[in-house]
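The next block holds one structure in the form of structure tokens; read it before the comments.
We use all heavy atoms of the structure for the numbers below, so side chains are in, but hydrogens, waters and symmetry mates are not.
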Amino acid sequence: MNRRTAVREQEKRVNIIIPICMQNDFIGPKGVRSDREIASLVLHGGARASQKILGDADGSTPVDDLMEIIHGNDQTYVIYIQDEHPDDPNDRTIQAHFQIFGKHCVAGTSGVKPVGRLQEFQRLRRSQVITTDALNIVTHQPVVDAVTAIITENEIDDSSQVKFMVLGGLTDVLVADCARGFNHICGIPNPYRPDDQRWMFFTNVAVPERYTFSNNNTEHLSALRSMDKVAIKIPRTDAEIFSFLGIEA
């Protein structure tokens, strides 16, 4: 490999951002002031988390400000993971699901809609939406296919050239499982070396504290601490997020 090729290889990098369940029934709508307003939503992160991520009713929306900058970066891709269910009274599986977790993200309702301007951002070129209720997101085949397509499009042949950031909820279930999956038990195949083991990304994974939530704050904080112990970065500010991603804000 000559020097020019080596420099080009060093410059190759992509960021893959994975927002999970950033929908009204989990963290919205903007302007929630008390937990009483969303008491029927078992999986909702609560008024405090909603205000942290969406801001006050008449103010700016922190997650919109973050994602606008992220979507403006040519080396950054976003895979939105969303939940959606039909409210079919004859479907025993979905009715059992609702019995356990409460009725949420019903197709055609406001609860299923993405918060803030995320629906607008989802239409941009380096963005896609995967609707699933799979718990093991990192090995869910549409997610595997999406990540592999991004890696192939950018001719990435070294896992150090990829950074993942997982945000949203629930921190102690979906977010932690996804981040740990990329961190050390990744199911993403190397498209250039099919005989090799599947890639693991180790320290190239971050979970931003400000943009994660859970319906149980104790479990939320415990999950962040446990991820930090396995070298998953936990940025606390937007500046730390952009530094990790290599994005100038």
Step-by-step side chain to side chain contact (heavy atoms under 4.5 Å, CB included) determination, V143 to I130: CA-CA 7 Å; V143 176; I130 295 174; 3.9 Å; yes
In Å and rounded to the nearest 0.5 Å, what is the [atom1] to [atom2] distance from [X] to [Y]?
{"X": "L43", "Y": "I38", "atom1": "CG", "atom2": "CD1", "result": "11.0 Å"}
{"X": "I27", "Y": "D25", "atom1": "CD1", "atom2": "CG", "result": "11.5 Å"}
{"X": "M67", "Y": "D64", "atom1": "CE", "atom2": "CG", "result": "9.5 Å"}
{"X": "F242", "Y": "N73", "atom1": "CZ", "atom2": "CG", "result": "9.5 Å"}
{"X": "N217", "Y": "S222", "atom1": "CG", "atom2": "OG", "result": "11.0 Å"}
{"X": "I17", "Y": "F121", "atom1": "CD1", "atom2": "CZ", "result": "13.0 Å"}

Mind checking whether [X] and [Y] sit in one hydrophobic cluster, side chains of I, L, V, M, F, W, Y counted as touching below 4.5 Å?
{"X": "V138", "Y": "V162", "value": "yes"}
{"X": "L174", "Y": "I100", "value": "yes"}
{"X": "V112", "Y": "V129", "value": "no"}
{"X": "L66", "Y": "M22", "value": "yes"}
{"X": "L221", "Y": "M227", "value": "no"}

Report yes if the side chains of [X] and [Y] come closer than 4.5 Å at any heavy-atom pair, otherwise no.
{"X": "N204", "Y": "Q161", "value": "no"}
{"X": "I241", "Y": "Y211", "value": "yes"}
{"X": "S226", "Y": "K229", "value": "no"}
{"X": "D56", "Y": "D58", "value": "no"}
{"X": "I79", "Y": "V147", "value": "yes"}
{"X": "M165", "Y": "L167", "value": "yes"}
{"X": "V78", "Y": "P19", "value": "yes"}

I'd like to know whether NZ of K103 has more than 12 heavy-atom contacts from other residues, nucleotides or ligands below 6.0 angstrom.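 Result for NZ/K103: open.
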Verify whether one side chain among [X] and [Y] offers a donor that lies under 3.5 Å from an acceptor in the other.
{"X": "Q128", "Y": "Y77", "answer": "no"}
{"X": "Q23", "Y": "D83", "answer": "no"}
{"X": "S160", "Y": "R13", "answer": "no"}
{"X": "Q122", "Y": "Q82", "answer": "yes"}

Check the orientation of F101 and H104. Use parallel for under 30°, tilted for 30 to 60°, and perpendicular for over 60°. perpendicular
Using 30° and 60° as the class boundaries, would you call the ring planes of Y80 and H71 parallel, tilted or perpendicular?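 The arrangement is parallel - the two ring planes meet at less than 30°.
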Could you pull out the closest heavy-atom pair between [X] and [Y], with the gap in Å?
{"X": "R126", "Y": "G72", "value": "NH2-C, 4.3 Å"}
{"X": "I20", "Y": "C178", "value": "CD1-CB, 4.3 Å"}
{"X": "V207", "Y": "T212", "value": "CG1-CG2, 3.5 Å"}
{"X": "V32", "Y": "S50", "value": "CB-OG, 4.1 Å"}
{"X": "I137", "Y": "I81", "value": "CD1-CG2, 4.0 Å"}
{"X": "C105", "Y": "G111", "value": "SG-O, 4.1 Å"}

Measure from the side-chain N and O atoms of [X] to the backbone N and O of [Y], and report whether any donor-acceptor pair falls under 3.5 Å.
{"X": "R210", "Y": "R236", "answer": "no"}
{"X": "D65", "Y": "S60", "answer": "no"}
{"X": "D91", "Y": "T93", "answer": "yes"}
{"X": "D87", "Y": "V106", "answer": "no"}
{"X": "T76", "Y": "N15", "answer": "no"}
{"X": "D228", "Y": "L224", "answer": "no"}
{"X": "K163", "Y": "I16", "answer": "no"}
{"X": "Q95", "Y": "D88", "answer": "yes"}
{"X": "D172", "Y": "H220", "answer": "no"}
{"X": "T148", "Y": "V144", "answer": "yes"}

Pairs in or reaching into residues 30-48: which pass side chain to side chain donor-acceptor pair (under 3.5 Å), with residues at least two apart or in two chains? K30-T61
cation_pi(K52, F213) dist<6.0 Å, angle<=45: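 Checked: cation-pi criterion not met.
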Answer yes when E153 and R125 have at least one side-chain N-carboxylate O distance shorter than 4.0 Å, and no when they do not. yes
Hydrophobic side-chain clustering at under 4.5 Å (ILVMFWY, transitive links): who's grouped with V42? Put none if nobody. none
Can you check side chain to side chain contact (heavy atoms under 4.5 Å, CB included) on I18 and F182, steps first, answer last? CA-CA 11 Å; I18 303 183; F182 285 125; 3.4 Å; yes
